[in-house]
Visitor: 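Structure below; questions to follow.
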Amino acid sequence: MPEGIDEASEALDPSTLLTAVGVDLSPEILQQSLTHSSYAYEQGGLDNERLEFLGDAVVGQAITAALYHHYPDLPEGELAKRRASIVSTGALAEVARGISLGGYLRLGRGEELTGGREKPSLLADALEALVGAIFLDKGPQAAHDAVHRLMGDLVKRADELRESSDPKTALQEWAAAHNHGVPKYNITDSGPDHQKVFTADVFLDGHDRSSTAVGHGTGSSKKAAELAAAQAALDSLRGPRSSNA
């Protein structure tokens with residue numbers, strides 16, 4: 001095991017992580033890329049925030065180039081929407097889970113006790129930090145190659161990811177294309193103040209049964225409920241994403 005990987009992650013062999021990424025990093029920069037600020041605050045040393053800053057730019061550039069070549073007929077605005085879905089926290093966290101990145105993170109006690117290894121934001125940040133480490137240790141081409149290996153499938157799934165990350169916009173576009181106006185959401189809530197559950201129903205003007213909701217969803221916030229309702233409406237109106245309808 002490279003020197004410096006802490007006890008919380010020593011059950012996993014870092015060489016397995018490096019094999020999945022397709023690079024061989026120096027132990028020092030690998031350790032930094034896996035060190036969350038909570039661990040650095042408690043134990044000292046460098047955290048991965050600067051590497052994350054660098055990796056964010058590298059990932060964005062690599063994905064932009066991949067989209068440019070994969071979708072030669074799409075205008076700039078559509079390419080930008082697809083890029084936003086691919087570099088979103090949810091998509092990056094999905095990639096991080098695919099290489100079991102959470103198991104290698106160096107976390108402070110608080111993050112460890114609150115499930116930090118599974119938090120999408122921590123996983124996404126760590127993936128970007130790892131890409132930043134590759135950029136510094138192996139150079140720009142190696143970093144871009146690693147992004148393409150890890151995220152190339154997301155480029156092909158850009159339309160699906162875009163809808164998943166922003167179903168409200170996707171529903172609005174569908175409604176406009178079918179002359180149904182702007183979707184309208186009705187929000188209700190229940191439960192105590194500290195544990196409210198929000199329910200959203202979405203309606204479309206001019207739909208066959210405009211007085212009946214075309215989508216229904218619940219969530220721990222108004223936004224989450226609206227997103228769930230929008231996705232339910234899309235699935236109902238044109239079939240689930242997997243059907244390619």
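Hydrogens, waters and symmetry mates play no part in the numbers below; they use all other heavy atoms, side chains included. Index from 1, following the sequence.
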Visitor: Do the side chains of Lys184 and Leu204 get nearer than 4.5 Å, heavy atoms only?
Guide: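 No, too far: nothing below the 4.5 Å cut-off.
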
Visitor: A side-chain contact here means heavy atoms from C-beta on lying under 4.5 Å apart; do Phe198 and Ile187 qualify?
Guide: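 In short, these two side chains touch, coming nearer than 4.5 Å.
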
Visitor: Please check if the side chain of Ser100 supplies one atom and the backbone of Gly103 the other of a donor-acceptor pair under 3.5 Å.
Guide: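 Side chain of Ser100 to backbone of Gly103: no pair is present.
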
Visitor: Does Ser85 have any side-chain hydrogen bond (donor to acceptor under 3.5 Å, both in side chains) partners at least two apart in sequence or in another chain, and if so, which?
Guide: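 Partners of Ser85 by the side-chain hydrogen bond (donor to acceptor under 3.5 Å, both in side chains) criterion come out as none, since no residue qualifies.
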
Visitor: How close do Ala40 and Asp47 get, counting heavy atoms only, and between which atoms?
Guide: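 Smallest heavy-atom distance, with atoms named: CB-CB, 3.8 Å.
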
Visitor: Any salt bridge linking Asp145 with Arg149? Criterion: basic side-chain nitrogen under 4.0 Å from a carboxylate oxygen.
Guide: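 The answer is no: the pair does not qualify as a salt bridge.
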
Visitor: What's the spacing between Thr89 OG1 and Asp125 CG if we round to 0.5 Å?
Guide: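 Taking OG1 in Thr89 and CG in Asp125, the distance rounds to 7.0 Å.
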
Visitor: Does NZ belonging to Lys81 count more than 12 external heavy atoms closer than 6.0 Å?
Guide: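 Atom NZ in Lys81 is packed in, count exceeds 12.
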
Visitor: Spell out, as yes or no, whether a donor-acceptor pair under 3.5 Å connects the side chain of Arg106 to the backbone of Thr35.
Guide: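 Not confirmed, Arg106 side chain does not pair with Thr35 backbone.
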
Visitor: As a test of understanding, state which of Leu17, Thr19, Leu18 forms a side chain to side chain contact (heavy atoms under 4.5 Å, CB included) with Ile99.
Guide: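 Result for side chain to side chain contact (heavy atoms under 4.5 Å, CB included) with Ile99: Leu17.
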
Visitor: Do the ring planes of His144 and His148 sit parallel (below 30°), tilted (30 to 60°) or perpendicular (above 60°)?
Guide: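 Correct class here is perpendicular.
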
Visitor: Can you name the closest pair of heavy atoms from Leu171 and Pro183 and give their distance?
Guide: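 Heavy-atom minimum between the residues: CG-CG, 3.9 Å.
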
Visitor: If only atom types and distance count, is the side chain of Asn48 paired as donor or acceptor with the main-chain N or O of Ser33 below 3.5 Å?
Guide: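 At least one qualifying donor-acceptor pair exists.
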
Visitor: Apply side chain to side chain contact (heavy atoms under 4.5 Å, CB included) to the pair Leu101 and Leu34, showing each step before the final yes or no.
Guide: CA-CA 9 Å; Leu101 187 56; Leu34 300 173; 3.8 Å; yes

Visitor: Using every non-hydrogen atom in the two residues, find where Val58 and Phe135 come nearest and quote the distance to one decimal.
Guide: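 Between these two residues, the closest heavy atoms are CG2-CD1, 3.6 Å.
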
Visitor: Using side-chain heavy atoms (C-beta onward) and a distance below 4.5 Å, is Ile86 in contact with Leu67?
Guide: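 The answer is yes; the side chains approach within 4.5 Å.
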
Visitor: Is there a side-chain contact between Leu30 and Pro14, using heavy atoms and a 4.5 Å cut-off?
Guide: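 Yes. Closest side-chain heavy atoms under 4.5 Å.
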
Visitor: So does Gly108 get a backbone contact from the side chain of Ser38, meaning a donor-acceptor N/O pair under 3.5 Å?
Guide: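 Yes: the side chain of Ser38 pairs with the backbone of Gly108.
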
Visitor: Going by distance alone, is a donor N or O of one side chain under 3.5 Å from an acceptor N or O of the other, for His36 and Glu111?
Guide: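 Short answer, no.
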
Visitor: Between the side chains of Glu78 and Arg82, is the shortest nitrogen-to-carboxylate-oxygen separation below 4.0 Å, so that they form an ion pair?
Guide: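 Salt bridge: yes.
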
Visitor: Identify, with sequence neighbours excluded, every residue that meets side-chain hydrogen bond (donor to acceptor under 3.5 Å, both in side chains) alongside Thr169.
Guide: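 Testing Thr169 for side-chain hydrogen bond (donor to acceptor under 3.5 Å, both in side chains), a comparison that skips the adjacent residues, returns Asp166.
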
Visitor: Would you find more than 12 non-hydrogen atoms of other residues, nucleotides or ligands less than 6.0 Å from Lys196 atom NZ?
Guide: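 Correct, the count exceeds 12.
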
Visitor: Please report the shortest heavy-atom distance between Asp137 and Ser26, naming the atom on each side.
Guide: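 What the structure gives for the nearest pair is OD2-N, 3.1 Å.
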
Visitor: Mind checking the OG1-CD spacing from Thr218 to Glu226? Nearest 0.5 Å is all I need.
Guide: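 Spacing of OG1 (Thr218) from CD (Glu226) equals 13.0 Å.
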
Visitor: Consider only side-chain heavy atoms of I, L, V, M, F, W and Y, link residues closer than 4.5 Å, and tell whether Tyr39 and Leu46 are in one cluster.
Guide: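 Shared cluster, no.
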
Visitor: Side chains of Val197 and Asp189: closer than 4.5 Å at any heavy-atom pair?
Guide: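 Val197 vs Asp189: side chains apart.
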
Visitor: Any non-hydrogen side-chain atom of Leu122 less than 4.5 Å from a side-chain atom of Leu107?
Guide: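 In short, these two side chains touch, coming nearer than 4.5 Å.
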
Visitor: Are any of the side-chain nitrogens in Arg109 or Glu42 under 4.0 Å away from the carboxylate oxygens of its partner?
Guide: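 Salt bridge: no.
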
Visitor: Has His70 got a side-chain atom pairing as donor or acceptor with Ala66's backbone, closer than 3.5 angstrom?
Guide: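 Side chain of His70 to backbone of Ala66: no pair is present.
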
Visitor: Specify the closest pair of heavy atoms between Ala228 and Gly217, including all atoms of both residues, with the distance to one decimal.
Guide: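 Residues Ala228 and Gly217, closest heavy atoms: CB-CA, 3.8 Å.
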
Visitor: Under the criterion side chain to side chain contact (heavy atoms under 4.5 Å, CB included), I'd like the reasoning laid out for Val21 against Ile134: C-alpha separation, chi angles, the key distance, then a yes or no.
Guide: CA-CA 10 Å; Val21 178; Ile134 297 169; 3.5 Å; yes

Visitor: Using a cut-off of 6.0 Å, state whether more than 12 heavy atoms not belonging to Arg50 lie near its atom CZ.
Guide: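 At most 12 heavy atoms, drawn from other residues, nucleotides or ligands, come within 6.0 Å of this atom.
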
Visitor: Do Leu237 and Leu227 share a hydrophobic cluster, counting only Ile, Leu, Val, Met, Phe, Trp and Tyr and linking them when any side-chain heavy atoms are less than 4.5 Å apart?
Guide: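 As far as the 4.5 Å side-chain criterion goes, Leu227 and Leu237 are not connected within one cluster.
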
Visitor: Let's go through Glu52 and Leu127 carefully: what are the C-alpha distance in whole Å and the side-chain angles of both, what is the deciding distance for side chain to side chain contact (heavy atoms under 4.5 Å, CB included) to 0.1 Å, and is it a yes or a no?
Guide: CA-CA 8 Å; Glu52 174 203 334; Leu127 182 67; over 6 Å; no

Visitor: Measuring from atom OG1 of Thr188 to atom NZ of Lys222, what distance do you get when rounded to the nearest 0.5 angstrom?
Guide: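 These two atoms lie 10.5 Å from each other.
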
Visitor: Any chance you could measure Leu130, atom CG, to Leu51, atom CG, to the nearest 0.5 Å?
Guide: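 Taking CG in Leu130 and CG in Leu51, the distance rounds to 9.0 Å.
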
Visitor: When you compare the side chains of His180 and Asp205, does any donor N or O come within less than 3.5 Å of an acceptor on the partner?
Guide: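 On atom types as modelled, these side chains do not qualify, holding no pair under 3.5 Å.
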
Visitor: Please step through side chain to side chain contact (heavy atoms under 4.5 Å, CB included) for the pair Arg157 and Asp153, ending with a clear verdict.
Guide: CA-CA 6 Å; Arg157 294 169 48 211; Asp153 182 58; 3.1 Å; yes

Visitor: Determine the minimum heavy-atom distance between Thr16 and Tyr104, stating which atoms define it.
Guide: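 Thr16 and Tyr104 have their closest heavy atoms at CB-OH, 3.8 Å.
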
Visitor: With rounding to the nearest 0.5 Å, note down the distance linking CG in Leu54 to CG in Leu136.
Guide: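 Here the interatomic distance stands at 5.0 Å.
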
Visitor: Less than 4.5 Å apart, any side-chain heavy atom of Phe203 and any of Asn186?
Guide: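 Yes, close enough: below the 4.5 Å cut-off.
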
Visitor: Quick one: CG on Leu25 to CD on Gln31, what's the gap to the nearest 0.5 Å?
Guide: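 Reported value, rounded in 0.5 Å steps: 12.5 Å.
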
Visitor: Strictly distance-based, threshold 3.5 Å: is any side-chain N or O of Arg83 a donor or acceptor partner for the main-chain N or O of Gly60?
Guide: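 No, because the side chain of Arg83 does not come within donor-acceptor range (under 3.5 Å) of the backbone of Gly60.
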
Visitor: Would you verify whether the NZ or CZ of Lys168 falls within 45 degrees of the ring axis of Tyr185 while also being under 6.0 Å from that six-membered ring's centre?
Guide: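 Yes - Lys168 lies over the ring of Tyr185, closer than 6.0 Å to its centre and within 45° of its axis.
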
Visitor: How about His216 and Ser236: do any of their side-chain heavy atoms sit closer than 4.5 Å?
Guide: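 No, side chains not in contact.
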
